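Down below is the structure, laid out as structure tokens.
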Amino acid sequence: MPIPERLKPRFAAGCAPAPDKLAQARLRLIVALDAPDARAATALVERLEGTCQWFKVGLELFTAAGPDVVQAMTARGHSVFLDLKFHDIPNTVAGAVRSAAAWGVRMMTVHAAGGPAMLAAARAALDGAANPPELLAVTVLTSMDVEQLSAAGVERSPAKQVELLAKMGLEAGIHGFVCSAQEVAAVRALTGPKGVLVVPGIRPAGTQAPRRTDDQKRIATPAEALCAGASYLVVGRPITQAPNPAEAAEAILEEMTQALLL
Ligand code: C5P
């Protein structure tokens, strides 16, 4: 189902959609570089540049390689999404957000579960920054289902919990959210076109077990996520663990392009 015009997504600063649908899809695909060290990450980037523009540096790679790996990618002209999911007291998170913004990343994450004061402090930390990154609040991890949430003491459904956290983020002045494709239409209805909505848990159409039944629980195809209102898709293992990562990325871009033509 195509998304209504009034809810069409916004994009991170400096990343307006290109007119051509394939070019547009390319700017909306983020490759999660969950690699063990800078060498492995660089090898993946070298195989994928030309196909993909965005790379996500998460906990595994950042813990192994630090800010140098981020700066190497920005120096090569790539857009970097720093996904460290900060979750600490407001003062500590504000300091971390300020430090990360200085590395020239285009998007970064904090955990919405850190609460309203932490979210407001994170947002305020970017006030006055030149060319600030989009600050995204992670709602409910795509690896969590009803059972996982309940075990962590949350008795609401993932959908209700995502809605609660998104409303909290909006009240704190945040317009970027990470959620699964199953909640993205509801979050889009809350944010309107201003929302920058990033959706992980993407599995290409036709993905078979065990890939379809890995740690991700709330999954969707690239087309489903885009049609539901995602601004960006995050894809890791379906690309990085494919025998030919560039070919796997092109196949996902094709699925995205078909959805954008609807
Ligand atoms: O390999 P896969 O496609 O499952 O990778 C998904 C990526 O998105 C991982 O890097 C993971 O840390 C990240 N992510 C997620 N769910 C969230 C937020 C981020 O899977 N809610």
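Starting from 1, each residue takes its place in the sequence as its number. Just follow the structure's listing: the first ligand is 1, and inside any ligand the first atom is 1. Worth saying up front: this structure is predicted, and the values here are computed from it rather than measured. Values below: every heavy atom of this structure, side chains too, minus hydrogens, waters and symmetry copies.
- Under a 4.0 angstrom heavy-atom cut-off, S143 registers as lying outside contact with ligand 1.
- Nearest protein heavy-atom contact of atom 11 (C) of ligand 1 is K56 NZ, 3.9 Å.
- Look at R98 and D127 and you find no salt bridge, because none of the NZ, NE, NH1 or NH2 atoms lies under 4.0 Å from a carboxylate O.
- Checked by distance only, ligand 1 and G236 come closer than 3.5 Å through their nitrogen or oxygen atoms.
- Closest to atom 15 (C) of ligand 1 among all protein heavy atoms lies T142 OG1, 3.4 Å.
- Using a cutoff of 4.0 Å between basic side-chain nitrogens and carboxylate oxygens, R26 and E250 are scored as salt-bridged.
- The closest approach between a heavy atom of K85 and any atom of ligand 1 is below 4.0 Å.
- A salt bridge does not link R203 with E224: none of the charged nitrogens is closer than 4.0 Å to a carboxylate oxygen.
- Summary of contacts: the protein heavy atom closest to atom 6 (C) of ligand 1 is Q216 NE2, 3.5 Å.
- What sits closest to atom 17 (C) of ligand 1 on the protein, heavy atoms only, is P200 CG, 3.5 Å.
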* Using the side-chain contact (heavy atoms from CB on, under 4.5 Å) rule, take L84 and F62 through it: C-alpha gap first, then chi angles, then the decisive distance, then the call. => CA-CA 8 Å; L84 299 181; F62 191 83; 3.7 Å; yes

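- By the 3.5 Å distance cut-off applied to N or O atoms, D215 is not counted among the residues near ligand 1.
- Nearest protein neighbour of atom 9 (C) of ligand 1, counting heavy atoms only, is D34 OD2, 3.3 Å.
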